[in-house]
Amino acid sequence: MELGIALTLIATVGWGAGDVFARKAMFGASATTVLTSMITLSVIALGIVSLILEGPAAFGGKDLRFFGVVLIMGALTWVTGNLLYFHGMKRAGVTIAAPILGAAPLAAIALAVVFGGEKPNAWVLLGAALIVAGVGILVTDRKRVLQ
């Protein structure tokens, strides 16, 4: 369990640093260019790592439906989500955009209830309310400096 927490914390630092570097990259390039470069590098790196760790079997034995679902998921979450996030980050800054993106669990909770038939307990609803309050504070802060 400790290793899992450590890896998650390291990933969190990586994601946070990625936001800062992505915004810096957008000073000299468009959000689309930054995202396209990031996707290309990610696909190449993940493909190489997958081949090293699992060999060609990493990509075999899957039917076309599997790849179709992954394609749709990637287009919705990775490409569209990051493109919109990068444009938002470029306009609002990392300190505003990143916490708002941190509200993604609200969308997951809503979709799990609507499409998954899940019933959130009181702790989940309390957590959702705290996220809403935090995002509300961020977006209504009149003292923040707009960029």
Side-chain angles (χ1 to χ4, degrees), residues 1-139 147:
M1 166 109 88
E2 291 81 11
L3 178 59
I5 292 170
L7 292 172
T8 303
L9 289 172
I10 293 167
T12 300
V13 171
W15 280 107
D19 288 349
V20 172
F21 289 120
R23 183 146 196 267
K24 286 198 175 291
M26 285 185 284
F27 289 142
S30 71
T32 307
T33 302
V34 172
L35 181 62
T36 303
S37 301
M38 194 173 82
I39 289 171
T40 302
L41 292 171
S42 296
V43 167
I44 292 169
L46 288 173
I48 291 170
V49 170
S50 295
L51 286 171
I52 290 170
L53 294 177
E54 298 188 32
F59 303 103
K62 311 285 189 285
D63 60 8
L64 286 178
R65 181 179 162 192
F66 167 81
F67 289 106
V69 170
V70 170
L71 178 68
I72 291 168
M73 182 181 67
L76 290 176
T77 61
W78 186 248
V79 177
T80 304
N82 272 319
L83 185 60
L84 295 173
Y85 176 56
F86 283 0
H87 279 288
M89 187 172 32
K90 188 172 187 175
R91 288 169 176 75
V94 174
T95 58
I96 298 298
I100 292 172
L101 182 65
L106 296 176
I109 292 167
L111 292 170
V113 168
V114 172
F115 296 111
E118 294 189 24
K119 308 249 187 268
N121 62 28
W123 289 111
V124 171
L125 295 176
L126 175 63
L130 290 171
I131 292 171
V132 170
V135 170
I137 290 168
L138 280 174
V139 299
Q147 289 140 10

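Only heavy atoms go into these numbers, but all of them, side chains included; no hydrogens, no water, no symmetry mates.
- When all heavy atoms are compared, the tightest approach of L35 to W78 is CD1-O, 4.4 Å.
- Residues D19 and M89 have side chains in contact (heavy-atom distance under 4.5 Å, counting atoms from C-beta outward).
- Pairing each heavy atom of V135 with each of A103, the nearest pair is CG2-CB, 3.8 Å.
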Given S37 and T40, is the side chain to side chain donor-acceptor pair (under 3.5 Å) satisfied, shown in steps? CA-CA 5 Å; S37 301; T40 302; over 6 Å; no

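- Between F21 and M26 there is no side-chain heavy-atom pair separated by less than 4.5 Å.
- With a 6.0 Å radius and a threshold of 12 heavy atoms from other residues, nucleotides or ligands, F59 has its CZ atom above the threshold.
- Open room surrounds NZ on K119; 12 or fewer heavy atoms of other groups in view lie less than 6.0 Å from it.
- Looking at every heavy atom in both residues, Y85 comes nearest to A98 through OH-CA, 3.4 Å.
- When every heavy atom of S30 is checked against every heavy atom of K90, the shortest pair comes out as CA-NZ, 4.3 Å.
- Atom CG of L101 sits about 13.5 Å away from atom CD1 of I96, to the nearest 0.5 Å.
- Residue-environment remark: CZ (F27) exceeds the threshold of 12 foreign heavy atoms within 6.0 Å.
- Between the side chain of T80 and the backbone N or O of A75, at least one donor-acceptor pair lies under 3.5 Å.
- A side-chain donor-acceptor contact under 3.5 Å links T77 to the backbone of M73.
- The CD1 atom of I39 sits 12.0 Å away from the CD1 atom of I44 when rounded to the nearest 0.5 Å.
- The two atoms that bring L138 and P99 nearest to each other are CD1-CB, 3.1 Å, heavy atoms only.
- By the 6.0 Å contact criterion, CG on L76 is enclosed, its count of non-hydrogen atoms from other residues, nucleotides or ligands being greater than 12.
- Considering all non-hydrogen atoms of both residues, S50 and A58 come closest at O-CB, 4.0 Å.
- Residues V79 and L83 are not in side-chain contact: their nearest non-hydrogen atoms beyond the backbone lie 4.5 Å or more apart.
- In this structure, OG1 on T12 lies 10.5 Å from CG on L7, to the nearest 0.5 angstrom.
- T33 and T36 are not linked by any side-chain donor-acceptor pair at a separation below 3.5 angstrom, with hydrogens and angles left out of the test.
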